[in-house]
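A short worksheet on the structure shown next.
Sequential numbering from 1 along the given sequence is applied to the chain's residues.
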Amino acid sequence: MKVSDAIEAIVTSYGDIELVARGMVVDAGELAKATAKLDTAEAVALALLKKYNMTVPVVVIEEVPPDTTE
């Protein structure tokens with residue numbers, strides 16, 4: 001889910017916003033770069049997303065086969 005969509009969903013929610021934010025999964029790289037004006041509903045939503053989405057981008061490591069030329 002895009003961070004902007006998640007923020008919109010949290011801001012317009014009538015339920016427990018912590019519960020809403022806890023169930024959302026957003027891109028870690030996009031979340032790390034996201035900003036919002038202080039003292040706004042968007043800033044609160046962004047803080048909640050950062051609180052509950054403490055993931056890091058996935059790095060794929062390719063396995064190198066052993067050298068069999070000996």
Whether over 12 other heavy atoms sit under 6.0 Å from D16 CG: yes
Distance, nearest 0.5 Å, that separates [atom1] of [X] from [atom2] of [Y]:
X: I10; Y: L19; atom1: CD1; atom2: CG; answer: 11.0 Å
X: D27; Y: K33; atom1: CG; atom2: NZ; answer: 8.5 Å
X: L48; Y: R22; atom1: CG; atom2: CZ; answer: 9.5 Å

Where V11 and A45 come nearest, the two heavy atoms and their spacing: CG2-CB, 4.1 Å
Which heavy-atom pair separates N53 from M24 by the least distance, and what is that distance? OD1-O, 3.0 Å
Transitively linked via ILVMFWY side-chain contacts under 4.5 Å: I17 with V25? no
Run the numbers on L31 and K50 for side-chain contact (heavy atoms from CB on, under 4.5 Å), then give the verdict. CA-CA 7 Å; L31 185 59; K50 289 183 177 183; 3.8 Å; yes
L46/V3 under side-chain contact (heavy atoms from CB on, under 4.5 Å): CA gap, chis, key distance, verdict: CA-CA 8 Å; L46 183 58; V3 171; 4.2 Å; yes
Does T12 use its side chain to pair, donor to acceptor, with the backbone of E8 at less than 3.5 Å? yes
With sequence neighbours left out, write down each residue that passes side-chain contact (heavy atoms from CB on, under 4.5 Å) with K2, or none if nothing qualifies. S4, D5, E30
